Amino acid sequence: MLKFIIRRVAWTIPVILLVIFMTFLMMRQIKGNPFQVTERAVNEATQRTLDRKFHLDQPWYIQYAYYVKGVFTANLGPSLVQRDRDVNDVIKDHFPVSLKLGGLAMLWAVLVGIPLGIIAALKQNTKLDYAVMAVVNAGYALPNFLIATVLIYLFAVKWREHTPFPTNGWGGWETWVLPAAALGHAPMTFFARIVRGSMLETLQQDYIRTAKAKGLRWRRVVGLHVLRNSLIPAVTAAAPLLGFLITGSFIVEFVFGIPGIGRYFVNSVTARDYSVTMGITILLSMIIIFANLLVDILYGYLDPRTRDVRT
Amino acid sequence: MSKRFLWAALVGALAVTAIAGSSTAMTGKTDGSNAAQVLKMSIGSEPPSLDPGLATDTTSSNIILNIMDPLVKLGKPPALNAVPAAAASWKIRGAVVTLNLRKSVRWTNGQPVTAKDYVYGWLRTISPELGADYAYQFEGIKGAKEYTACDPKKADCNALRARVGVKAVGKYTLRVTLVSPQPWFIQQISHHSFLPQHKATIDRYGSKWTEPQNIVTNGPFKLASWKHDASITLVKNTKWRNAKSVKLIRVEHQIIVDATTAENAFSAKNIDVQTTGVASVNIPKWKKTRYWKTFKALGTYYYGFNTKNIPDANQRRAMAISIDRSQIVKYITKSGQIPAKGFTPIGIAGGPSILSQSTMPATAQLSKAKAALAKARNPKRSIRLYHNNAPNHVKIATAVQNFWKQLGLDVTIRPMEWKQYLQFLGPPPNADVDVYRLGWIYDFPDAYNGLVLWKCDSGNNNTNWCNRKFDSLIDKATRTPNTAKRIALYKQAENILTGPQGQLPIMPIYYYAFNMLQRENVKGFVENPTGQWDLAKVSIR
Amino acid sequence: MVVDRRADFEASLTRTAELRGDQAGGALQRASLLRDAVHRFLKNRAAVAGAIAFLIMVVFVTITPWLSPHDPYAIDFGKAYLRPSWDHPFGTDDFGRDLFIRTALGGRVSILIGFAATVAIMLVGILYGSLSGFAGGALDNGMMRFLDALYGLPYLPFAILTLAIFGTVNFWTMVVALTVASWFTTARVMRGQIITLKENDYVRAANALGARWYRILFRHLLPNTLGVILIFVFLELPGVILGEAFLSFIGLGISAPKASWGTLAQEGYSSYLAYPYIIIIPSLCIGWLILSAFFVADGLRDALDPRSQEA
């Protein structure tokens with residue numbers, strides 16, 4: 001087992017190097033001067049000084065080496081554009097916001113989506129079922145910028161006298177509700193669909209029918225057997241959501257003016273803030289890589305057969 | 001138990017950690033009644049830096065200038081004369097300026113602000129180690145350019161540093177030696193790059209010295225908190241030399257980038273002043289309210305010609321006078337912009353005189369334009385118009401395309417992303433560019449700051465146009481302290497650009513304006529033509 | 001947002017491949033299999049409704065620009081922001097351009113980008129996946145390792161980086177940006193398909209008879225994956241169209257005066273307080289297309305894999 005873990009951890013190193021390399025390669029293809037912010041030309045002396053300061057006058061492999069070193073020493077260097085801040089500061093300030101937003105959205109999706117799915121399944125082929133599934137299906141397909149905009153319009157502008165929600169910002173709980181609902185909406189509809197489907201399937205199983213025939217109380221059957229068995233697919237479906245929560249939050253952060261990492265990433269690309277762009281891309285990639293790693297290790301622990309296959 | 005379940009568990013764990021983490025960011029709704037002297041306002045971006053040496057943008061500048069005490073402030077427009085602030089008085093002898101500092105100005109840690117703090121700050125800003133963009137503001141000071149350009153590996157930078165013409169000749173006396181008289185210098189030092197800097201703080205905290213817990217300032221307000229990309233709070237500095245005149249006890253800046261979001265915040269009474277901007281479509285609606293405020297700006301939005309591709313001035317004239325500037329400002333920009341008569345803004349000191357012979361029309365002169373085009377030799381009929389991609393630029397380009405169609409010109413619009421665009425324009429511009437869009441906002445209120453762009457060797461002259469006579473007029477202006485004489489020189493230069501016989505390497509389109517939304521109980525909040533506001537003069541009724 | 005459904009289809013698709021493998025010996029059997037599938041698809045009401053809805057949208061965006069009397073690019077400031085009327089069913093924009101025709105033209109762009117990017121994703125994925133699956137051995141192992149590493153790349157950041165490299169957003173740069181980090185799943189599924197089919201008797205027989213590798217690949221293996229490819233087109237399309245809308249919404253959309261549903265929605269966002277229908281209409285179009293593609297994909301999957309039970 002230990003050998004497996006060591007091999008698996010060692011394998012992430014070339015993966016990280018590849019991600020750094022690909023990001024670096026792409027960054028270098030982007031034309032533009034990070035030090036010219038407005039149309040005012042940067043004078044030559046300043047340009048030279050700054051290039052020297054941020055190693056931009058060095059050949060590409062030296063610069064690459066700086067980034068690699070930065071990643072492995074957890075010091076991603078200074079921002080090229082926000083001159084009083086380091087990339088580490090940027091991540092420290094903004095990543096927790098995105099993480100929290102994603103977590104709340106997940107919470108919303110679970111707390112709303114699963115009950116909706118259960119209700120729809122228990123009331124299969126009734127008007128309630130149709131109504132729930134119509135909302136879920138329609139909502140599933142709508143882009144979340146529309147959902148976000150509609151939520152702001154209704155709750156923060158039109159009915160603002162009756163609700164505590166502000167239009168933008170990130171602070172107390174009242175600022176979390178609308179963005180979390182907007183971001184959590186798509187996963188919510190997803191959960192509702194999955195849970196309804198698997199509930200219906202479980203309800204058809206022989207043992208449930210038997211239990212029912214034996215005269216067990218219906219509520220107990222649902223509570224004990226059906227729910228437990230039909231929630232497993234919902235839980236497994238949560239897997240692809242991590243990627244969604246990272247990429248999907250760009251739009252929600254934009255519309256609600258939330259200081260998360262997504263909005264920051266877009267700005268850094270526009271500003272040619274190389275170190276920040278690199279830092280955020282690598283951060284997002286590492287989350288995925290380490291999550292994969294953790295899952296693989298735990299999976300290998302639980303199911304020894306997979307160890308050899310997935311080195 | 002499946003692999004996917006573990007994923008979910010991981011996501012859940014992350015989520016719980018995130019939720020458990022505390023947050024103290026400030027936003028939230030207020031009841032809108034603002035009896036206390038607390039101003040809530042929006043700003044359009046995170047200030048990239050609150051270091052007077054490194055800041056280059058108006059957002060940073062406006063925070064810095066309110067927590068610091070500049071040597072002089074600018075008076076009323078259009079003259080914008082220097083008014084004593086941290087400097088009680090000054091003497092100008094040729095190219096030597098002597099400033100007498102007020103003894104009552106103190107740092108927030110109680111120490112007096114002395115001439116040495118200025119010398120330190122200015123030399124730090126222009127040092128090759130810092131690499132500040134605004135080092136160029138100091139180029140008029142003797143030896144400054146040489147010091148900035150110094151490569152520590154090749155030359156003795158300390159020697160060059162010692163030769164820069166900034167000296168503390170007494171505890172409270174600062175002497176500046178310029179390369180030429182430069183009559184605008186005293187107005188120029190109202191800019192934030194000429195503020196003093198506190199050496200001990202910078203030495204101690206390095207690049208972190210501008211964080212609220214570290215920063216040492218000397219102005220009417222203090223930096224109380226700075227939540228990056230969320231908010232900045234200033235509180236009144238009760239120990240400031242003129243604290244009695246300051247009404248506001250706290251100013252809460254919310255950083256709201258998106259115009260629509262900021263409008264929502266204003267509508268919902270979350271903020272009293274909205275400086276982020278208003279979405280184009282909503283301008284007519286806001287204009288009808290009493291909240292809408294417009295301030296004239298010193299700045300020009302213009303199209304430049306690549307004079308290698310369009311060498312005949314007749315064609316350039318035809319193109320310049322065939323567009324309808326009044327329609328552009330009325331239907332596209334909509335927020336108080338003025339059709340440009342020439343390159344120099346009309347609102348600058350001496351503006352009307354400088355522009356008296358400029359020829360850019362407010363409404364299109366189509367028949368004149370056609371006549372001019374007929375005179376042009378080998379006119380270029382297929383035009384590639386480049387601009388950076390932003391909604392208003394797209395709209396203006398689309399309108400101009402329509403105007404030029406009536407001249408029989410076939411225009412292709414090429415939008416580009418900002419940074420690539422700047423690189424594409426050079427100078428010299430990429431050969432593919434026929435016409436390009438740019439703008440210029442003045443750093444100091446003298447026509448020189450704009451006209452100098454069109455010198456042959458200027459880093460902002462993307463037109464391939466070069467005129468020795470023009471260059472000599474601009475150089476002469478730096479040696480002409482007499483205002484009337486200098487304005488006469490500017491007029492000659494402006495005529496070479498946009499006069500009746502002008503060369504028109506550029507076609508100015510409109511003069512910029514600033515606008516914002518203000519609730520009616522906010523008093524004294526004005527933006528001067530260089531984009532600065534003075535919170536010390538604001539109150540809430 | 002479309003949560004990544006492709007992975008959830010994987011199990012079902014593998015079953016389909018096995019099934020087809022069993023029966024795919026001759027042309028006759030293949031034809032009857034196809035007939036069965038078409039029959040099953042037509043009996044599925046949701047799938048047929050989805051297909052019809054999809055076609056209606058395609059017809060709308062194709063025909064409207066030919067029938068409309070308005071010039072989609074002509075500027076008339078006097079007609080700016082007209083409310084919907086008989087003459088302008090969707091109203092006009094800030095230039096006084098008819099939004100009905102612009103919505104149709106935007107739909108053309110969105111759908112064409114969607115299909116082009118889907119085709120690009122399929123091509124890259126199929127090429128990579130089938131090569132890897134067909135080659136087997138060390139090459140397969142290496143290629144899959146590389147793919148595993150690429151799975152660490154977050155999709156949206158790399159699309160943004162790609163657009164920044166091009167500097168200007170047009171049809172083709174958008175297609176490339178949407179393809180760059182989205183072909184990994186397709187590649188993996190295609191490899192699985194090829195490997196499953198490869199084990200079948202008729203392929204072994206062909207092999208034994210000394211058929212050339214490319215003949216086996218193109219005559220036997222790829223044709224038998226066509227059904228899967230078709231399902232994948234409809235699975236991929238919503239994600240791609242939504243991706244385009246996201247990028248447009250954060251300001252990285254196709255350059256004016258051209259428009260897509262995403263850029264139209266972005267224009268609508270800046271004016272939603274005064275003219276909410278300007279953001280709602282293109283968003284609904286996006287939702288319409290996504291939902292219909294969703295039902296078509298479900299129907300196709302059920303038609304090709306009779307054992308699949310999902311509601």
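Proteins come first, then strands; the chains are lettered A, B, ... in the order of their sequence lines, and each starts at number 1. Source: prediction; values computed, not measured.
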Trp261(C) (side chain) donor-acceptor with Ser283(C) (main chain) under 3.5 angstrom: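 No, Trp261(C) side chain to Ser283(C) backbone: no donor-acceptor pair under 3.5 Å.
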Option from Leu178(C), Thr179(C), Leu237(C) for which side chain to side chain contact (heavy atoms under 4.5 Å, CB included) with Thr118(C) holds: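 Of all the options given, the one that passes is Leu237(C).
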Let me know if [X] has heavy atoms under 4.5 Å from chain A in its side chain, its backbone, both or neither.
{"X": "Phe249(C)", "value": "both"}
{"X": "Phe295(C)", "value": "side chain"}
{"X": "Ile280(C)", "value": "both"}

Under the rule for side-chain hydrogen bond (donor to acceptor under 3.5 Å, both in side chains), what residues qualify as partners of Asn141(C), not counting sequence neighbours? none
Considering only heavy atoms, which portion of Val255(A) lies under 4.5 Å from any heavy atom of chain C: side chain, backbone, both, or neither? both
Using heavy-atom distances under 4.5 Å, tell me whether Thr270(A) contacts chain C through its side chain, its backbone, both, or neither. neither
List the atom pairs, with distances to 0.1 Å, where a side-chain N or O of residues 14-28 of chain A and a protein N or O form a donor-acceptor pair under 3.5 Å, not counting sequence neighbours.
unit_1: Thr23(A); atom_1: OG1; unit_2: Val19(A); atom_2: O; d: 2.6

Using a cut-off of under 4.5 Å for heavy-atom pairs, which of Val150(A), Thr149(A), Thr189(A) has the most such pairs with chain C?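 Looking at each of Val150(A), Thr149(A), Thr189(A) in turn, Thr149(A) comes out on top.
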Can you confirm whether more than 12 heavy atoms, excluding those of Arg83(C), are under 6.0 Å from its CZ atom?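 More than 12 heavy atoms, drawn from other residues, nucleotides or ligands, come within 6.0 Å of this atom.
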